[in-house]
Every structure is written in C-alpha cells, then in structure tokens.
Protein chains: 2
Amino acid sequence: MSEIMTIRQMCAAFDVTPRALRFYESKELIFPERRGQHRLYDRRDRARLTLILRGKRFGFSLEQIRQLLELYEPGGTNRTQLSATLDTARERLNDMVRQHAELEGAIVDLRQQIDEAEARLSALTSDKTTG
Amino acid sequence: MSEIMTIRQMCAAFDVTPRALRFYESKELIFPERRGQHRLYDRRDRARLTLILRGKRFGFSLEQIRQLLELYEPGGTNRTQLSATLDTARERLNDMVRQHAELEGAIVDLRQQIDEAEARLSALTSDKTTG
DNA sequence: TCCCATCTTTACGTTCGCGTAAACTTTCCC
DNA sequence: GGGAAAGTTTACGCGAACGTAAAGATGGGA
C-alpha cells in the first residue's frame, strides 16, 4: 500500500464508490491533492475516510462527522472556533455513550426473543416429526 | 395513562408526529384498531412503537425494524417464515454486537481527542493571559 | 500518432423518512 | 342542531446521501 493512492485504489481499499469520495470532498470532509485534474489521496485522507465511515456506521450525518473531523485538525482554529468544536464533540461523545449503554439492553432483549422464537420453531418442527 | 390511546395521546407520549405514526402504519409496523375512522392504539401498539424508536436510534431502516417486529408476533407464522425471520434477526443481533464493540474503541478515541483539544484550548487561553 | 482507459465536471434521478398543505368527515359539547 | 376541534385521505415537497448518464479532458502504450 503506497503512500499516495488514486481514487480507484481508495475505492478498492475502503469499499466505497468514486461518487461517494467526490461527494465527501464536496461536503468538505476530505481534501485530496491534485496532480493536474486527478485526485491523489495520502495518509491523512485515509485516516479521515476511516473516521467518516465509522461515523456513518454510528448513524451520524455527514455534517456531524465534518464537525468531529475539525477536532483532528491541528492548525488554524481560533479560541471561539475550537471551543465550539469541542462543545459539539462532547455532544457526540454523549450520544455514543448513551448508545453504548442502550445497546447492551437491546442486545439482551433481542437474544431472549431469538431464544424464544427458536424454541417455538423447534416445537413446530417436532410437532411435524412426532405428529 | 389509559389502556387505549388516541393518536394525539400517542404523539405526546412518544414525541412523534401523527404523520410519523400513519407512516409507520402504511409500512406495516403498527396496526391500530379503528373506531369509525379514528385510530386507537393499545398496549401492543405502544410496545411496538417503543421498539421502532429504539431501532431507529440504532440506525436501522424501517424495513429492518419491521422484520425484527415479526419476531415478536406470536401467531400465524409457518416454519419457513419463522426460520427466515430468525435468520434476519440473528443478523441484526450481530450488527448490534459489532456496533457495541466498535463503540467502545470510538469512545476511547474521541475522549482522547477531546482531552488533547482541551489542552490546546487552555494553552491558547493562557497564551493570551500571559502574553 | 492514435486510441483506449481513466479520470473529470455537470446535472438530473432515486430512496428513505417523513413535512406540509388541501379538502373532507366525524365527533364533541354547549 | 351547529360550529370548532380533531381526525382522515391524498398528494406533492424536501433534505440527505449518494446513483447514474452524458460529455469532455488527459495520459499512457502499441
């Protein structure tokens, strides 16, 4: 895996479409360099894309993810900007903690429902074989 | 809270709109009774709505949620139907378990980023007060 | 040099999950 | 009995996150 990748290589590596990558760029979530007209993606772009896809799996909107990505940018933010970025980041963190907690209960619930349904299924099946 | 509720009472209780409730019904996720033209929601409807909203928070589509809700219906499913329902339910469960695990890492990550950003912020602030 | 593969922009199309009128019944209650 | 309130259906609209088709630029290799 070379330091710099074309759009095709990115798509293969992350299982996304070129359209999606250009779309994320148009929404200012990634900023690949250009050689002529062509886009070139480096390590930083890949790191950002990893975070984008993870955020999507958690159900965050691209705009929420964009705000989170600001947190990872070292440079040029002033106090008020950084402070606002931190505020929204703390909200996302709360979302994630809540989600994590609620998932535990939901997993237990669903497991029980599956167990019960499996019992019903095997009852049905044995009905057939013993009937 | 009475046994049977009107659409308005449901909306107030669950913080959803009438449009959303009718939409879920059109997608066959809930089946309120009718008194004349009006819809009436009972305990079973409320239980289903609770699961619907929970599923939404986990990022599931209404169609995925509808399939999950089939698991909670006691009656009229035959073997093949129940077996298929179980298969998709196990997939959802896997989704949730994966999500739960991934959330732990992401939470740790985000906490660290927030900590670092807080450090940068207080550095900036003390720069100002000490400069 | 020419051609094909790969990239590009532009722009309209699509699915999901509702929002939002518009026009009509139905019901409540005084 | 007579409104106003609350409910109903029908249908068009909308934002998010891309899909997809069209048409042009570019670069590489026989």
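Order of the sequence lines sets the chain letters (A, B, ...), proteins ahead of strands, with each chain counted from 1. Basis for what follows: all heavy atoms, side chains included, without hydrogens, waters or symmetry-related copies.
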So CG of A:L93 and OG1 of A:T88: to nearest 0.5 Å the spacing works out to 11.0 Å

Here the distance between atom P of D:dA17 and atom CZ of A:R57, to the nearest Å, is 16 Å

Notebook entry, point to check: Are OP1 or OP2 of D:dC18 and a side-chain N or O of A:T17 less than 4.0 angstrom apart?
Noted result: no

- Item | Sub-4.5 Å side-chain heavy-atom contact between A:F60 and A:R92 | yes

### Message
Under 4.0 Å from OP1 or OP2 of D:dG7: is there any side-chain N or O of B:T6 that close?
### Response
yes

Residue pair B:G36/B:E63 against DNA chain C: nearer the 5' end by closest nucleotide is B:E63

Between CE of B:M5 and C1' of D:dG7 the distance, given in whole Å, is 16 Å

B:F60 CZ to C:dG17 C1', in whole Å, measures 17 Å

Taken to the nearest whole Å, CZ/A:R66 to C1'/D:dA17 is 16 Å

- Are A:I65 and A:Y72 linked, directly or through other ILVMFWY residues, by side chains that come within less than 4.5 angstrom of each other? yes

Hey, what are the protein-to-nucleotides 8-13 of chain D N/O distances that come in under 3.5 Å?
unit_1 : atom_1 : unit_2 : atom_2 : d
D:dT8  : OP1    : B:R39  : N      : 2.7
D:dT8  : OP1    : B:R39  : NH1    : 3.1
D:dT8  : OP2    : B:R22  : NE     : 3.4
D:dT8  : OP2    : B:R22  : NH2    : 3.0
D:dT8  : O5'    : B:R39  : NH1    : 3.3
D:dT9  : OP1    : B:R34  : NH2    : 3.2
D:dT9  : OP2    : B:R39  : NH1    : 3.1
D:dT9  : OP2    : B:R39  : NH2    : 2.9

Quick one: label A:K56 by what it contacts on the DNA or RNA (base, sugar-phosphate, nothing), any heavy atom closer than 4.0 Å.
sugar-phosphate

Hey, are B:R48 and B:E73 close enough for a salt bridge, meaning a charged N less than 4.0 Å from a carboxylate O?
yes

In whole angstroms, the gap separating P of C:dC7 from CE of A:M10 amounts to 13 Å

Open item on the list: Around atom CD of B:E33, are there more than 12 heavy atoms from other residues, nucleotides or ligands closer than 6.0 Å?
Closed with: no

* Asked: Between A:R8 and C:dC7, does any side-chain N or O lie under 4.0 Å from OP1 or OP2?
  -> yes

Next item on the list: Decide if atom CG of B:D15 counts as having more than 12 heavy atoms of other residues, nucleotides or ligands within a radius under 6.0 Å.
Entry: no

When rounded to whole Å, the CG to C1' distance for the pair B:L62 and C:dT15 reads 12 Å

message: Strictly below 4.0 Å: does A:Y24 bring a side-chain N or O up to OP1 or OP2 of D:dA17?
response: no

For atom CG of A:N94, is the number of surrounding heavy atoms from other residues, nucleotides or ligands below 6.0 Å larger than 12? yes

To the nearest angstrom, the CZ-C1' distance between B:R35 and C:dT27 comes to 10 Å

From the candidates C:dC18, D:dA17, D:dG19, the one with an atom nearest any side-chain atom of A:F23 is D:dA17

Taken to the nearest whole Å, CG/B:L21 to P/C:dG19 is 10 Å

